[in-house]
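Numbers restart at 1 for each chain; the letters A, B, ... are given by sequence-line order, proteins then strands.
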Number of protein chains: 2
Amino acid sequence: MKPQPAAVGRPRSGARRLPAATAREEILDAAAELFAQRGYAATSTRLIAEAVGIRQASLYYHFGNKEQILAELLEATVRPSLDYAADLERQSAAPAAALHALATYDVGVLLTARWNVGILYALPEVATEPFNRFRAERERLRETYRALTAAAAPAGADAVLGDLVFGLVESVIGIRRDLPVAPPEELQRAVAAAVLRLVGADARPA
Amino acid sequence: MKPQPAAVGRPRSGARRLPAATAREEILDAAAELFAQRGYAATSTRLIAEAVGIRQASLYYHFGNKEQILAELLEATVRPSLDYAADLERQSAAPAAALHALATYDVGVLLTARWNVGILYALPEVATEPFNRFRAERERLRETYRALTAAAAPAGADAVLGDLVFGLVESVIGIRRDLPVAPPEELQRAVAAAVLRLVGADARPA
């Protein structure tokens, strides 16, 4: 259960794990690993640069500070699902079908990112200004779940039901942290089915 | 959305908020506030002692280190619900009724603690040795939800359903962090009802 020791003070073992990646992507990847395993406060830009095997000055060419790196990582956990929800809306999908599809997609995004960045949502720093855009986008995603839930649920459903749906989808972040995770497809299917039961729209959408 | 500024470098404003509390309780309360609002890494035992208005040596009389304080705070988020689950078991409550009662109680514990300590579950430090007991107790609580879910759900239910129920209950930690929270009773009722829909045992237990 101990966090993996990070390669402090030297570049990583040599086997680049993202061989075709740009420097920018390598920085994001190394930072995500360090933030998730050592913690955000305990990770400096110097440490990130060392993990990538570049000079700190090179890191600053791509990112102004550590906040910008975290903001970009966090935004990448919600933006694909927002884009996908916009697609569903353009296709005028029925609410229950759209909810099922969005939950499936969103759980896939949260489970298949290389590092479980969602565990950083609760950092106190995320309440500050550099993360305004992330928080606004996550709220838009929450609003999307609320609107679809309200449209899919029977009249008189709990006002908080959309937030519970959103919470159920994001609970895969904790499941991924705490448990040996089954293939993502199993959890995607289970969560999407659970969302429909939660909103009282059980029949699997056509 | 900014975290509240903490009273750095001096005792709190003078109006003790826990007038009848022991020194030990005051330390736990001040630490919970600082951990939740400034972050765990950014909070030193010196800062906690200053917030209480005691010397650091006095703090060390009660707690060996910062880890012990966090461990005690975290354990207090799961132990009452474990005790309650044991009571339910002694009463031989029916599985769906027990699940409804436990979810109601557990959500109450998570919502009514003075500080939202559950947001600290994701700290990387929590994977280390001083938190073994907390993690073991939280796993026992998860196992309790799994067992009750398996007993209450129809045959052939998803293996992961108990974990989703646990995730739904703990999602109130994020709701409390992100949203202006309605009266706890509303969320307790909504989550407990949602849990029964999730496991397919909708009829409100008698």
Peer 1: For residues B:Arg197 and A:Leu161, determine if any side-chain heavy atom of one lies less than 4.5 Å from a side-chain heavy atom of the other.
Peer 2: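 Yes, at least one pair of side-chain atoms sits under 4.5 Å.
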Peer 1: Counting only heavy atoms closer than 4.5 Å, note whether B:Leu123 contacts chain A via side chain, backbone, both or neither.
Peer 2: neither
Peer 1: Should we count CZ of B:Arg133 as having more than 12 external heavy atoms under 6.0 Å?
Peer 2: no
Peer 1: Can you tell me which portion of A:Tyr121 sits under 4.5 Å from chain B's heavy atoms? Options are side chain, backbone, both or neither.
Peer 2: both
Peer 1: Evaluate whether atom CD of B:Glu143 has more than 12 neighbouring non-hydrogen atoms of other residues, nucleotides or ligands under 6.0 angstrom away.
Peer 2: yes
Peer 1: Please classify the contact between A:Leu187 and chain B as side chain, backbone, both or neither, with a heavy-atom cut-off of under 4.5 Å.
Peer 2: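 Contact with chain B involves the side chain of A:Leu187 alone.
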Peer 1: Just wondering, do A:Leu168 and B:Ser171 contact through their side chains at under 4.5 Å, heavy atoms?
Peer 2: no
Peer 1: What option among A:Ala122, A:Gly167, A:Ala36 has the most heavy-atom pairs under 4.5 Å with chain B?
Peer 2: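 Looking at each option in turn, the highest pair count goes to A:Ala122.
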Peer 1: Under 4.5 Å from any heavy atom of chain A, what part of B:Ala42 do you find: side chain, backbone, both or neither?
Peer 2: neither
Peer 1: Is the shortest heavy-atom distance from the side chain of A:Arg138 to the side chain of B:Asp178 under 4.5 Å?
Peer 2: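 Contact flag for A:Arg138/B:Asp178 side chains = yes.
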Peer 1: Based on non-hydrogen pairs under 4.5 Å, which of A:Glu186, A:Arg142, A:Glu139 is most in contact with chain B?
Peer 2: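 Greatest number of close heavy-atom pairs with chain B: A:Arg142.
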Peer 1: Under 4.5 Å from any heavy atom of chain B, what part of A:Leu179 do you find: side chain, backbone, both or neither?
Peer 2: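 Contact with chain B: side chain only.
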Peer 1: Below 4.5 Å from any heavy atom of chain B, which atoms of A:Val165 appear? Answer side chain, backbone, both or neither.
Peer 2: neither
Peer 1: Of the backbone (N, CA, C, O) and the side chain (C-beta and beyond), which part of B:Ile173 lies under 4.5 Å from a heavy atom of chain A, both, or neither?
Peer 2: neither
Peer 1: Rounded to the nearest 0.5 Å, what's the gap from CD1 on A:Ile175 to CD on B:Glu170? Could you check?
Peer 2: 10.0 Å
Peer 1: Where on A:Ala159 is there a heavy atom nearer than 4.5 Å to chain B: the side chain, the backbone, both, or neither?
Peer 2: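 A:Ala159 has no heavy atom closer than 4.5 Å to chain B.
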Peer 1: Name the region of B:Asp158, side chain, backbone, both or neither, that has any atom closer than 4.5 Å to a heavy atom of chain A.
Peer 2: side chain
Peer 1: Are there more than 12 heavy atoms of other residues, nucleotides or ligands under 6.0 Å from atom CZ of B:Arg140?
Peer 2: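 For B:Arg140, atom CZ is not crowded (no more than 12 foreign heavy atoms under 6.0 Å).
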Peer 1: If you compare all heavy atoms of B:Ala190 against all heavy atoms of A:Leu164, which two are closest, and at what distance to 0.1 Å?
Peer 2: O-CD1, 4.0 Å
